[in-house]
Amino acid sequence: MTVELFLKDAYLQRFEARIVGLSGREAILDSTVFYPGGGGQPADKGTLGIGPVRASVVDARREGDGIVHVLDTAIPDTIRQLNGELDWKRRYAHMRYHTALHVLSGIIWKAFDAKVTGGQMRPDRARMDFSFPGEWTADVVGEIERLTNEALEEQRSVRVYELPREEALKNPDLIRTQVNLVPERVRTVRIVEIEGVDTQADGGTHVANTREVGELQITAHKSKGRQNKRVEFVLR
């Protein structure tokens, strides 16, 4: 089992861990700060090593109750302990975009009764798809951008806590995607709450306050069907 340190402290950049599984260029550790990807957030990158031994983490994935770190070079099987360090600039960008996506989601839910159908973030841009019941115009897109930036500017705190699965699934405000994305294996649901704007089940990493996000600028908007809409944005 890998202890997922990023769930408790998204700002933790370095760590020490014991190797519990090693196969070629793949390593499983007893703990990690590397997010394995999911929910539209890419897997983290960075480095693992000890002394002169050093490898880049080029990918990470969840496998059972462990997290597999995919390396650019194999670690000798005589090594038992490793030090890890995130590509922090990349991770922090994902944290900013992830929080921005949640604020955007909260705005379109409260103001337009629209549910999220998909989303994806990169270090320099993000997109969100949603089922939009009303008329889709440039004025509506502009209003979404304005309301989202107003919420971001209000320096709202981002709080993380847990609820039993049964309690979380009974609350429609917590599971607001078109499809329930909480895996059956998850018995305790992690909740990310952005004060007064958005509360959702989520397993990714976020900033601690919306002031860290910056300004959201919608760069493109599309209609992908009768109700399915998309906005693409960058952060300034």
**Prompt:** Is it the case that Q227 and S131 place a side-chain donor and acceptor less than 3.5 Å from each other?
**Reply:** yes
**Request:** Apply side-chain contact (heavy atoms from CB on, under 4.5 Å) to the pair V231 and F130, showing each step before the final yes or no.
**Result:** CA-CA 9 Å; V231 293; F130 43 90; 3.9 Å; yes
**Asked** Is the backbone N or O of R18 less than 3.5 Å from a side-chain atom of D30, with the two atoms forming a donor-acceptor pair by type?
**Response** yes
**Fill in**
ring pair (Phe, Tyr, Trp, His ring centres under 6.0 Å) filter on F112, not counting sequence neighbours, yields F132
**Message:** Tell me if a side-chain donor or acceptor on T210 pairs with a main-chain N or O of R156 at a distance below 3.5 Å.
**Reply:** yes
**Prompt:** For I79 and I19, which heavy atoms make the closest approach, and how far apart are they?
**Reply:** O-CD1, 3.5 Å
**Asked** Where is the tightest heavy-atom contact between R62 and F6, given as atom of each residue plus distance?
**Response** NH2-CZ, 4.3 Å
**Request:** Kindly say whether V189 contributes a backbone atom to a donor-acceptor pair with the side chain of R165 at under 3.5 angstrom?
**Result:** no
**Asked** Would you call the rings of F15 and F34 parallel, tilted or perpendicular, where under 30° means parallel and over 60° means perpendicular?
**Response** perpendicular
**Complete:** So CD1 of I144 and CD1 of I107: to nearest 0.5 Å the spacing works out to 9.5 Å
**Message:** Checking side-chain polar atoms at under 3.5 Å, does D198 have a donor or acceptor matched by the opposite partner on Q200?
**Reply:** yes
**Request:** Kindly give the heavy-atom pair with the smallest separation between A151 and V197, and that separation in Å.
**Result:** CB-CG2, 4.0 Å
**Asked** Within the side chain of D129, is there an N or O that forms a donor-acceptor pair under 3.5 Å with the backbone of T117?
**Response** no
**Asked** When rounded to the nearest 0.5 angstrom, what is the spacing between CZ in R90 and CZ in R122?
**Response** 10.5 Å
**Fill in**
Rounding to 0.5 Å, atoms CD1 (I75) and CZ (R80) come to a distance of 12.5 Å
**Request:** Answer yes or no: are there more than 12 heavy-atom neighbours, outside E135 itself, under 6.0 Å from its atom CD?
**Result:** no
**Prompt:** Taking all atoms of both residues into account, what is the closest heavy-atom pair of V192 and V158, and its distance?
**Reply:** CG1-CG1, 3.8 Å
**Item:** Listed partners of R96 passing salt bridge (charged side-chain N to carboxylate O under 4.0 Å, His left out), at least two apart
**Value:** none
**Item:** Side-chain donor/acceptor of R159 to backbone N/O of E193, under 3.5 Å
**Value:** no
**Fill in**
Output for pair (R190 CZ, E4 CD), nearest 0.5 Å, gives 9.5 Å
**Message:** Give me the atom names and distance for the closest heavy-atom approach of A17 to S31.
**Reply:** CB-O, 3.4 Å
**For L12, all residues meeting side chain to side chain contact (heavy atoms under 4.5 Å, CB included), sequence neighbours excluded** = L5, D9, V33
**Item:** Evaluation steps, side-chain contact (heavy atoms from CB on, under 4.5 Å), between T2 and D65
**Value:** CA-CA 6 Å; T2 302; D65 60 1; over 6 Å; no
**Prompt:** Side chain of E232, backbone of R125: donor and acceptor closer than 3.5 Å?
**Reply:** no
**Message:** Checking the side chain of D59 only, and the main-chain atoms of V70 only, is there a donor and an acceptor separated by less than 3.5 Å?
**Reply:** no
**Prompt:** So H206 and H102, would you call those rings parallel, tilted or perpendicular, with 30° and 60° as cut-offs?
**Reply:** perpendicular
**Request:** Locate the shortest heavy-atom distance separating E63 from R61; write the atom from each residue and the value.
**Result:** OE1-NH2, 3.0 Å
**Request:** For the residue pair Y11 and V207, establish whether any side-chain heavy-atom pair is separated by less than 4.5 Å.
**Result:** yes
**Under 3.5 Å: donor-acceptor pair, side chain of D44, backbone of Y35** = yes
**Prompt:** Quick one: CG on D113 to NZ on K110, what's the gap to the nearest 0.5 Å?
**Reply:** 13.0 Å
**Request:** Say whether, by atom type as modelled, one donor and one acceptor occur between the side chain of E145 and the main chain of I218 under 3.5 angstrom.
**Result:** yes
**Asked** About how many Å separate CZ of R54 and CG of L71, when rounded to the nearest 0.5 Å?
**Response** 11.5 Å
**Message:** Given 3.5 Å as the limit, does a donor-acceptor pair link the side chain of Y97 with the main chain of F233, or not?
**Reply:** no
